[in-house]
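Working notes, beginning with the structure itself.
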Amino acid sequence: MDKVNEVIEVNEQETPFQLSQEEQQRIIDANQKRVREAPTLHEWDIRVPEAYAWIMISIVVGSMMLLFGGGSVYSTGGNDWGFFYIALGVSIVMTFYLRYLVMADKDYHYRLTTEGLIVTYQEAIPEMAYTIVRGLAWLAMAICVMAVSVLGPLALVGAGGMALLAIFFTDFKREVSEHETMFKKDWIYTLFISNKKKAVRFESTPFKISHSDNLYCKSEDFEKIVELIKGQIRCAEIKH
């Protein structure tokens with residue numbers, strides 16, 4: 001086992017450009033296996049809010065209301081508020097769409113081992129939202145079929161594009177992502193600590209993204225996790 005690990009580390013540091021794609025993948029798989037099979041030091045779940053989500057949504061939706069809703073009222077001299085209410089309804093829908101589908105919070109699961117960190121994450125989107133989107137997609141496809149049957153082939157100009165777009169959402173479902181980050185025991189690291197956000201970043205020197213990562217902690221475990229990480233790497237510097 002030591003010989004295999006030695007070969008992996010030498011290849012990765014000294015001859016990265018001489019390796020074939022298959023050899024590079026073998027190294028990645030071996031390192032991931034080392035991280036996953038190592039003893040667990042700590043494990044936790046946490047939900048992380050999307051940074052500046054409401055600010056960005058307010059700018060987008062507010063601009064849309066001002067441009068379309070306010071513009072329609074101004075152009076009619078305040079005599080026709082119909083388009084304004086339509087724009088208001090669309091803005092409300094867009095607000096929920098952006099917040100809970102595009103800029104949703106993220107649920108993280110962390111497992112810290114003696115060899116690295118395993119991160120599993122997904123969008124914190126209610127299952128009901130996926131059901132609604134899938135239902136609307138099937139409804140849109142049904143409307144497109146009806147439009148073609150009633151109006152004839154000319155309806156394909158608009159309905160065809162709408163149906164094609166709807167197809168992509170008929171299988172809309174939650175996606176779970178996972179990655180492993182391995183500690184390089186013989187490299188030095190810098191720790192970046194945010195006490196306000198309860199977040200930690202460990203960054204290798206020389207820097208490699210496969211050996212550096214960010215993580216978020218619960219307040220009650222923050223100091224413990226920092227100490228556990230410091231015990232597994234050669235921490236040369238800590239920055240707050």
Counting only N and O atoms by type, is there a donor-acceptor contact under 3.5 Å from the side chain of Thr40 to the main-chain atoms of His42?
no

Within the side chain of Lys198, is there an N or O that forms a donor-acceptor pair under 3.5 Å with the backbone of Asn195?
yes

Side chain to side chain donor-acceptor pair (under 3.5 Å) pairs, two or more places apart, involving residues 45-59
Asp45-His109, Arg47-Asp107

Who pairs with Arg234 by side-chain hydrogen bond (donor to acceptor under 3.5 Å, both in side chains), at least two apart in sequence or on another chain?
none

Tell me whether Met56 at atom CE has more than 12 heavy atoms from other residues, nucleotides or ligands lying less than 6.0 Å away.
no

For Asp105, salt bridge (Lys or Arg N to Asp or Glu O under 4.0 Å) partners two or more places apart:
Arg99

Do the non-hydrogen side-chain atoms of Thr181 and Phe202 ever get within less than 4.5 Å of each other?
yes

Is Arg201 salt-bridged to Glu203, cutoff N-O under 4.0 Å?
yes

So do the side chains of Tyr121 and Val176 get within less than 4.5 Å of each other, counting heavy atoms only?
no

Phe183 to Ile233 - nearest heavy-atom pair and separation
CD2-CG2, 3.6 Å

The test is side-chain contact (heavy atoms from CB on, under 4.5 Å); show your working for Arg36 and Arg111 and say whether it passes.
CA-CA 9 Å; Arg36 289 194 302 268; Arg111 184 160 73 90; 4.1 Å; yes

Just wondering, do Lys106 and Gln122 contact through their side chains at under 4.5 Å, heavy atoms?
no

Non-neighbouring partners of Tyr110 that pass ring pair (Phe, Tyr, Trp, His ring centres under 6.0 Å), sequence neighbours left out
Trp44, Tyr108

Tyr216 OH: over 12 foreign heavy atoms closer than 6.0 Å:
no

Taking every non-hydrogen atom, the tightest pair across Asp213 and His179:
OD2-NE2, 2.8 Å

Applying side-chain contact (heavy atoms from CB on, under 4.5 Å), can you list everything that pairs with Ala236, at least two apart in sequence or on another chain?
Ile188

Side chain to side chain, Ile225 and Leu215, heavy atoms closer than 4.5 Å
yes

Backbone N or O of Pro206 within a donor-acceptor pair of the Ser204 side chain at under 3.5 Å?
yes

Set of residues satisfying side-chain contact (heavy atoms from CB on, under 4.5 Å) with respect to Ile238, sequence neighbours excluded
Leu191, Ile193, Lys230, Cys235, His240

4.5 Å side-chain heavy-atom contact, Glu178 and Val119
no

Determine whether Val35 and Asn31 make a side-chain contact, defined as any pair of heavy atoms from C-beta on separated by less than 4.5 Å.
no

